[in-house]
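Written out below as structure tokens is the structure these notes cover.
Order of appearance sets the numbers: ligands from 1, and atoms from 1 within every ligand.
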Amino acid sequence: MAKFDFSKRDGFGSKFGVIAAAAGSAIGLGNIWRFPYVVGENGGGAFLLVYLFFVISIGIPVMMSEFVIGRSAQRNPVGSFKKLAPGKPWYLVGLMGVGAAFMILAFYTVVAGWTLEYLYQSVFNGFHGKSPEQIGNMFDNFRGSFRPIIWFLIFMVFTAGIVMAGIKNGIEKFTKILMPVLFLILIIISVRSLTLPGAGEGMKFLFKPDFSKITPKVILEALGQAFFSLSIGMGTLITYGSYISKKQNLTSTAFNVTMADTIIAIIAGIAIFPAVFAFGIPPASEEGLVFITLPVIFEQMPGGYFFSLLFFVLLSVAALTSTISVLEVIVAYMSEELNITRKQATILGTVTVAVLGAFASNSSAVFSVLNFTSATVLLPLGGLLIVVFIGWFYNKRKVEAELTNEGEFNSWFFKPFILLVKYLAPIAIAAVFLYGLGIF
Ligand code: PHE
């Protein structure tokens with residue numbers, strides 16, 4: 001079979017396109033579905049503080065490191081490490097990322113499928129006139145039925161179709177317009193949620209830290225959520241970084257993406273928790289939290305039918321721009337390293353994920369194992385190795401060249417960045433790991 005022709009590699013077309021695609025990867029179910037329920041399970045405000053600390057001190061350096069690796073190597077995660085560290089075992093970090101991509105895609109697409117069901121229910125006004133309790137039962141009944149797997153497969157096909165079309169035509173076009181609209185509608189939902197009687201309790205839960213709630217597990221979950229939400233630690237942003245043109249500023253791209261992702265997560269929290277407390281929904285309702293709370297809010301809103309519809313359309317799109325980025329890791333790896341075509345790689349990757357996802361869809365135990373292992377274990381571990389690579393092994397002058405576009409401008413953040421990747425980030429990740437997993 002013909003070798004991959006690297007001179008014909010695709011790439012992002014515009015500056016806004018890059019930020020939109022990377023933000024599209026970061027913003028998704030991680031912010032709107034996962035963030036509220038892990039906040040709910042881990043005690044609220046104190047978790048949020050730890051989370052924000054990790055986003056800034058670890059998230060930004062890991063994201064920048066991935067961009068640096070991808071853009072200097074112009075390869076998929078495995079190929080990038082092979083190129084930057086020939087003959088060394090660093091490519092295994094890339095391979096671990098590809099493994100994590102399979103796992104994430106399998107359970108994430110299941111949840112994306114749930115959003116399609118909720119979109120369908122919104123179209124047919126399926127939540128109308130139901131009490132919060134009945135809406136809760138609807139979620140449980142739905143999960144126990146055969147429907148999730150159908151929606152999962154439909155979503156997988158959408159993802160595969162767009163990835164097959166490639167970077168400029170498939171991924172970039174899509175994300176540019178829809179992310180800002182999602183932002184607006186979240187604000188509208190927050191306003192409704194905040195004006196419900198009893199909303200104040202929810203705001204207290206989210207923003208008033210109770211430090212007695214902080215345990216090793218809470219800290220570990222906060223770290224995992226930061227990695228998951230920012231799409232870092234598995235080479236998604238090495239892959240996207242490899243499509244970024246040499247003219248773009250990697251530091252500001254990383255800052256913008258991180259900021260957008262964090263703001264969306266916090267607004268999702270403000271949309272959810274006031275309503276959770278106003279309606280007496282248990283904050284630790286696990287994966288069901290958002291799927292129960294949101295329809296309840298829409299039921300209480302003038303124009304709820306319209307907002308519900310619009311919201312679930314946008315949530316599905318936000319999920320799609322994330323699943324695309326995860327599948328792209330697999331496809332870039334297979335098509336560049338295994339010498340198969342993009343189309344064959346997409347089909348092979350999709351079928352494998354479909355098999356794994358079928359298990360995740362039917363068994364909540366499989367779902368939880370994939371969710372925990374990928375987000376809380378593999379991503380931070382990958383992130384640790386990525387910062388150690390940049391901080392201790394890769395040539396500093398090359399890192400500086402990448403962050404200043406060959407000296408075209410000064411980067412005030414270069415020095416702090418090196419300190420972060422050399423010391424703070426690796427030590428913090430390692431400490432949280434050992435502490436959180438009960439090793440010391
Ligand atoms: N960050 C995405 C979200 O929040 C999920 C994701 C994780 C995407 C890891 C890519 C890699 O929805």
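For ligand 1, the 4.0 Å heavy-atom shell contains residues S25, A26, G28, L29, G30, N31, I104, Y108, F228, S229, S231, M234, T236, S322, S325, V326.
Using cut-offs of 30° and 60° for the angle between ring planes, the F312 and F298 rings count as perpendicular. Classified by interplanar angle (parallel below 30°, tilted 30° to 60°, perpendicular above 60°), the ring pair F35/Y51 is tilted.
For K82, the salt bridge (Lys or Arg N to Asp or Glu O under 4.0 Å) test picks out E337, with sequence neighbours left out. Annotation: side-chain hydrogen bond (donor to acceptor under 3.5 Å, both in side chains) contacts of Q225 (sequence neighbours excluded): R34. When the side-chain hydrogen bond (donor to acceptor under 3.5 Å, both in side chains) test is applied to Y91, no partner is found at least two apart in sequence or on another chain.
The distance from the NZ atom of K217 to the CG atom of N42 is 4.0 Å, given to the nearest 0.5 Å.
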